[in-house]
Each structure stands twice: as C-alpha cells, then as structure tokens.
Amino acid sequence: MKAKEIKPDIYWVGVKDWNLREFHGYATPHGSTYNSYLIMDDKITLVDGVKHYMCREHLARIQSIVDFSKLAYVVVNHVEMDHSGNIPDIMKLAPQAKIITNTAGKQALEAHFDTEGWEYEIVKTGDSISIGKRTLEFMTTPMLHWPDSMMTYVKEDKLLLSNDGFGQHYASDGIFVNEQPLDIIIREAKSYYANILFPFGAQAEKALSTAGSLGLDIEMIAPSHGCIWSGKEEVGTILELYAKWASGQNEGKAVIVYDSMWGATAALAEAAMAEFQDAGIPVTKHCLAVENVSEVIVDFLDAKYVLIGNPTLNNQLFPRVAGFLAYMKGLNPRNKTALAFGSYGWRPGVVKQIQQAFDELGWQSVEPFEEKYTPKSDVLDKFRERVRELIKL
Ligand code: FEO
C-alpha cells in the first residue's frame, strides 16, 4: 500500500496490522492499524511511530516521500509501544530531528529507550510551533490513554491528529471512515472506548472541553488506530459519541454476564433475561465460555443494570468469572445497578465476592441470589422477583 495524501502535502504513512487478533487482552477481530502522518512543510514533520515489528514497512513508506535526512521534527503524541516502538529506529536514521513531546512523554521515552543524543521541544496545552506554512498546536490529554498522551492540531488544515482518541482497531484497504460501513466503524470506535478509555471518562470530558476552549475548528480527525473521520458530519458524530460515553450516561439497558458448568447458572441467566424482556427493557446475555471479555464490556456503556452469574467451582469463583471481574473493575464503569447470582453444590457464599466487586465500584445493588444445584420453577420465580426488585431501584 502506498503512502496516501489526506490533505495537501500531508500523508498517511502508517501500517496495517491485518493479523492482529489480540491487543493486551482485547480481542481485535478486524486487526488494527498504527497510523503515522508525514507533513511536508519547510520543517518536515513526522507524527507518531508504529509497533516495532512493523518498522521496516513504516520506514519504507516514509522514504517513498522523503529522505530521513530531511526530517526536522518527530512528534511523539504517546509513548505506548504501538506508537513509539520504532522511534529509536527513526532517530537513528534522522539524528538531526528534534522530538516534540510533553514532559511526561520525554520521561517515558527515557524510561523505555536509549535516548542519548536526542533533542527535544517540550510542549504543553496551548503551545504552538510553526513549521513553515503550517502551525502545530498541542493539547496534552493525560490518561487518554497514558500520562504522556497528547494530541496535535494542524491549524491551517483544521486537522486533529488524535493518537488513541477516536481510534478503532480496524484494518482495511482504505484509510477514511467513508470508505467503510459506518455501523462497523462506530461499533469498533465504541469497543475501543470501552476497552481502552472507559476508566478515563473525566479526562475525556476535560479534553473535549479544552478543545472547545482552545477554539479548535476541526474538519478532520486522524487517529493513530483505524480510519480517519473526515468532514464536519463525521467529526460531529464521533465527538458527540465521545461526549456521551465520557459522561457515563447510559441507555437504561440490561446486561447479563455469566458462566455455567451444568446449566444451573445458565437457567438463572435465562430467567433474568425473560424478566427484562417482560418489563420491556432491552437486554443482552453473554456466556463467558464463548465470548471474550472485551466483547462483553462494550455493552456496559449502554447498560443501567448489570447481572453477573457464577457457578461455584471448588468453593471459588469460576475462573472465567473471576477474570471478568478483574477486567471489569479495572475499567471502572460508573453508575450501575447490579445483582450477583449463582449456583453451588455443597457450600454457598462465593457469590459474595461478586457483590464485593459491585461495592468496590460504588454500584447500587440488591441482595445476591444463590441456589443449590438446579433451580426448579419455584426458585426461578423467586429469582425473577429479585430481578423485579432490581428494576425498581
Ligand atoms: Fe494505541 Fe495507548 O496506545
């Protein structure tokens, strides 16, 4: 794939990781991309690197436009290794280039790499650097996704190079959102937000508000993963979605997550589902035996009600349920109303560990529900009554 011009004299020079199926625990069925951008101006500027194992392809794509000896700046928007992995290779080829990053970015680069001899321009929110006909403006966005994260705005092109923000793990033969089915791109952007940025809603709200106060007039958002949002309509769509997700507002839906050994916990999950359906509340049900946690967590953005069911194994949480709880607690979803449930053979009580997770997250909840062996119809009726209590909260 050739370098592609996204604005006059600004090129996509990234790489497509078609075979990626897992990104630190996050399932990526569509692969991913590590986007990088080359701005051909008086001071030629490269924005973001790529994962180290795709270095050669990235370097060749840059070299198809310009020789490394001409690079003046390398902007490091974020030091996670999917964007910085080959920065040392770039700096070997372009030792004259200065790194533009923020204080936390410089510290992180020095912690990861041998940076001897590298020169820096350290920037913070509101700073700008002229590169000729263009002005680069910077906005630090700590925790979106690491403390070092920032975004770069190319003022004259109304272009926001947003790194992890607004991205999607999605590889395709195009580079623009309008070349792909919009519903799939939005689903992947939502999945990306849920799995990467969920804990940082407050920081996302602050970044959106800072972009407003800086008066950024954005016509194109080019993230460092997935496709580019182009034109006011697409830009408006993703900004609105981020504002909604960051606010913690939900759509009042229900999500049931469970695992089962001999069908007892599955029967309780099915009864809960029927209760929500009878109440006219949209509901989804996920069995952890067949679904990756990163698929399940996407529904938490829309859910008011969360139900988690566990089959007791050796007086412990079932391992897949324990793993899901750890993943969920790390992502820290807010404002949920919850019910823990499960089944046991000879000793009850394990379900309290799920309740404890709800309490740690500060969620409202009703009393957990447990049943010995297979729930008969009277037990299922009692459980549905507990779900009705939950709906009333
Ligand atoms: Fe795409 Fe936080 O790295």
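Indexing begins at 1, ligand by ligand and atom by atom, following the structure's order. Excluded from the calculations below are hydrogen atoms, water molecules and symmetry mates; all remaining heavy atoms, backbone and side chain alike, are included. All values reported here derive from a predicted model rather than from experimental measurement.
A salt bridge is absent between Asp9 and Lys133; no separation between the charged side-chain nitrogens and carboxylate oxygens falls under 4.0 Å.
Contact record, Pro375 with Ala267: CG-CB, 3.9 Å, taken as the closest heavy-atom pair.
Between the side chain of Glu179 and the backbone N or O of Phe176 there is at least one donor-acceptor pair closer than 3.5 Å.
Below 30°, between 30° and 60°, or above 60°: for Tyr53 and Tyr34 the angle between ring planes is above 60°, a perpendicular geometry. His145 and His24 have tilted rings, their planes meeting at an angle from 30° to 60° on a 0 to 90° scale.
For the ring-ring contact (aromatic ring centres under 6.0 Å, His included) test, no residue two or more places apart in sequence or in another chain qualifies with Trp262.
The set of protein atoms (N, O or S) found at less than 2.8 Å from atom 2 (Fe) of ligand 1 reads His78 NE2, Glu80 OE1, His145 ND1, Asp164 OD2, by chain and number.
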